S.K.: 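Take this structure, written in structure tokens, and hold onto it; I'll ask about it next.
Source: prediction; values computed, not measured. Quick note on labels: first sequence line is chain A, next is B, and so on, each numbered from 1. Only this structure's heavy atoms are used, side chains among them; waters, hydrogens and symmetry mates stay out.
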2 protein chains.
Amino acid sequence: MPTMTAAQKRAEAKVEYDAFLAGCPSRQLLDRVSDKWVALILAALGSNGPHRTGVVSAGEPRAMRYSELSRRLAGVSQKMLTQTLRSLERDGLVTRTVTPTVPVTVTYELTDLGLSLQDVMRGIKAWAEQHMNEVLAHRSDYDTRVD
Amino acid sequence: MPTMTAAQKRAEAKVEYDAFLAGCPSRQLLDRVSDKWVALILAALGSNGPHRTGVVSAGEPRAMRYSELSRRLAGVSQKMLTQTLRSLERDGLVTRTVTPTVPVTVTYELTDLGLSLQDVMRGIKAWAEQHMNEVLAHRSDYDTRVD
DNA sequence: CAGGATCCCGCTAGATACTG
DNA sequence: CAGTATCTAGCGGGATCCTG
């Protein structure tokens, strides 16, 4: 009996790998940005959301209240909205400002860091708009071939 | 009793929203790219993986066997590796080539589409390397303030 | 108004065992 | 070698109720 079984070796490799992934900046960013609501919230705070009829200078950051965000991002639960906003604040991507009116007023706004992140989002959006239909074509093609 | 309760309205809004998200190219790309193993597989096939000691021209795509990928991406289960490779093939991002030797040989290689996607990945990587420590600083700062 | 606290459910990653 | 099949536990996320 060896001192370490194959299963143990794999388990050890996995631990090392998880540690590597946890420390990898790109992985962290990917996890952050791919969160279901992050992209939408950033877009909304960047005034790039849908339902905008007036003329809006693109990229012009905008402060929004909790309830306004909630309305624009129809479909998000309060839990996820709050949770996501908290984590974004924690990461320094948005600011949370409490005005002690009655009832209390809370506004959220993009920081410079959050704003710079939008450039990355734009890159993603650009690739998606250019190539996603091609991907979709491959996909349906693959599916019909397999039946 | 109204014809539609508030809960029903919210449920309907959610359905609409889910449909919107499902059809949104950026969302689809984000889901695809943020998959736990996709970025690693793309990086490996692009010869940008770790454990490379020799001189490698960056961006030079490279065909790799299943077992080689499995070794380089220590920590991935066969199930996830196979599943991820299949979905990448389905999307036209990698090619799967079966050579009927005995035992059978299967190689994977990036397509042009997959290669172009790496540009986006580079953008993500760049932002992460430039700003992630700042994010991390905000994060620990936030955590100590809250205690 | 802007959340906090709970309960709960579906999905999926991973471990294990088997195969052409 | 390169997978497939099956089972299960853990957890993200939504629904619901409650509060300063």
S.K.: Whole Å only: how far is the CG atom of Leu85(B) from the C1' atom of dG3(D)?
M.R.: 11 Å
S.K.: Below 4.0 angstrom, N of the basic side chain to O of the carboxylate: do Asp31(B) and Arg27(B) qualify?
M.R.: yes
S.K.: Quick one: is dC1(C) close enough that its OP1 or OP2 comes under 4.0 Å of any side-chain N or O from Thr105(A)?
M.R.: no
S.K.: Atom CD of Gln78(B) and atom P of dA15(C): how far apart are they, to the nearest Å?
M.R.: 9 Å
S.K.: Give a yes or no answer on whether the side chain of Gln28(B) reaches the backbone of Ala22(B) with a donor-acceptor pair at less than 3.5 Å.
M.R.: yes
S.K.: Check every atom of dG3(D), dA2(C), dA2(D) against the side chain of Arg96(B) and return the nucleotide holding the closest atom.
M.R.: dG3(D)
S.K.: Taking OP1 and OP2 of dG14(C), is either one under 4.0 Å from a side-chain nitrogen or oxygen of Lys36(B)?
M.R.: yes
S.K.: Is Ser70(A) reaching over with its side chain to a backbone N or O of Tyr66(A), donor-acceptor style, under 3.5 angstrom?
M.R.: no
S.K.: OP1 or OP2 of dG3(D) less than 4.0 angstrom from a side-chain nitrogen or oxygen of Arg65(B), does that happen here?
M.R.: no
S.K.: Does dG3(D) have OP1 or OP2 sitting under 4.0 Å from an N or O in the side chain of Thr82(B)?
M.R.: no
S.K.: Of the nucleotides dG3(C), dA2(D), dA13(C), which has the atom closest to the Tyr66(B) side chain?
M.R.: dA2(D)
S.K.: Grab the two heavy atoms, one from Ile124(B) and one from Leu29(A), that are nearest each other, plus how far apart they are.
M.R.: O-CD2, 3.3 Å
S.K.: Find the distance Leu81(B):CG to dC1(D):C1' and express it as a whole number of Å.
M.R.: 13 Å
S.K.: If you only use heavy atoms from C-beta on, which nucleotide in dC1(C), dG20(C), dG13(D) is closest to the side chain of Met80(A)?
M.R.: dG13(D)
S.K.: Does any part of the side chain of His131(A), heavy atoms only, come nearer than 4.5 Å to the side chain of Leu113(B), both counted from C-beta?
M.R.: yes
S.K.: Taking only side-chain N and O atoms of Gln83(B), does any of them lie within less than 4.0 angstrom of OP1 or OP2 on dA13(C)?
M.R.: yes
S.K.: For the helix from dC1(C)-dG20(D) to dG20(C)-dC1(D), what angle separates the axis at the start from the axis at the finish, each from five pairs, in steps of 10°?
M.R.: 50°
S.K.: OP1 or OP2 of dG14(C) sitting under 4.0 Å from any side-chain N/O of Trp37(B)?
M.R.: yes
S.K.: Taking all non-hydrogen atoms of both residues into account, name the closest pair between Pro100(A) and Val98(A) and its distance.
M.R.: CD-O, 3.7 Å
S.K.: When the distance from CG of Leu69(A) to P of dG3(C) is rounded to whole Å, what number comes out?
M.R.: 10 Å
S.K.: Return a single string for nucleotides 5-11 of chain C, one symbol per nucleotide in 5' to 3' order, where B is base contact, S is sugar-phosphate-only contact and - is none, cutoff 4.0 angstrom on heavy atoms.
M.R.: -------
S.K.: To the nearest Å, give me how far apart CG (Asp31(B)) and P (dG12(D)) are.
M.R.: 16 Å
S.K.: Please report the closest heavy-atom contact between Met64(A) and Leu45(A), naming both atoms and the distance.
M.R.: CB-CD2, 4.0 Å
